[in-house]
Amino acid sequence: MKNRFHLLLGFTLFIFVQCLHAQPAEQPVKIIVTPDHADWKYTIGDSVHFSVTVLQNMVPINNVKVTYQVGLERMVPSQLQTVILPDGKLSIAAGTLNEPGFLRCIVTAEVEGKKYRNLATAGYD
């Protein structure tokens, strides 16, 4: 009887641990934000452009409203704008940095009453 109890307890703990390590549910809406350098590294004075694509079920969403902000990491954004994307895509001229640091672009979209958010960061040496 004791062995069965320990076996049941062990099995229950195993299932519990597996649930903790489960992957989060896939979201139907994705916001993809990428800088124009593949390695996300920039030299001082280089301009960065962020590309934004908003997808629903892996298809770009037409006429989606997004709000984006660009600025130094953890600082008040230098750019803050809300736009409607006719084809679900946007290119953002984020500017440059004249000293080492991180330039971050945060994009938020609301689709069917639910908010989605993603970001990308460019690093300056």
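Side chains are part of it too, since the values below use all heavy atoms of this structure and drop only hydrogens, waters and symmetry mates. The first residue in the sequence is number 1, and the count goes up from there.
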May I have the list of side-chain donor-acceptor pairs in residues 45-57 shorter than 3.5 Å, sequence neighbours left out?
from, atom 1, to, atom 2, distance (Å)
D46, OD2, T43, N, 3.1
D46, OD2, T43, OG1, 2.6

Within one Ile-Leu-Val-Met-Phe-Trp-Tyr cluster: V33 and F102, side-chain cutoff 4.5 Å:
no
Under a 3.5 Å distance rule, please check whether Q79 uses its side chain to pair with a backbone N or O of A93 as donor and acceptor.
yes
Considering only residues two or more places apart or on different chains, which pairs with a residue in residues 64-74 satisfy salt bridge (Lys or Arg N to Asp or Glu O under 4.0 Å)?
E73-R104
Mind checking whether M75 and L97 sit in one hydrophobic cluster, side chains of I, L, V, M, F, W, Y counted as touching below 4.5 Å?
yes
Starting at OG1 of T121, measure out to CG of L72 and round the result to the nearest 0.5 Å.
11.0 Å
Under a 4.5 Å side-chain heavy-atom rule over Ile, Leu, Val, Met, Phe, Trp and Tyr, are L119 and I32 clustered together?
no
Taken in chain and number order and not counting sequence neighbours, the residues that satisfy ring pair (Phe, Tyr, Trp, His ring centres under 6.0 Å) with Y42 are H37, Y124
Transitive ILVMFWY side-chain link L80 to L85, under 4.5 Å:
no
Tell me whether V83 shares a hydrophobic cluster with Y116, the cluster being built from Ile, Leu, Val, Met, Phe, Trp, Tyr side chains joined at under 4.5 Å.
yes
Taking all atoms of both residues into account, what is the closest heavy-atom pair of T82 and T67, and its distance?
OG1-OG1, 3.0 Å
Distance-minimising heavy-atom pair for V66 and A109
CG1-CB, 3.7 Å
The test is side-chain contact (heavy atoms from CB on, under 4.5 Å); show your working for I106 and R117 and say whether it passes.
CA-CA 7 Å; I106 301 172; R117 177 183 181 269; 3.6 Å; yes
For P86 and I84, which heavy atoms make the closest approach, and how far apart are they?
CD-O, 3.3 Å
For the residue pair D87 and N62, what are the closest heavy atoms and their distance?
CA-OD1, 3.6 Å
Exercise: identify the closest heavy-atom pair between V70 and A94:
CG1-CB, 3.6 Å
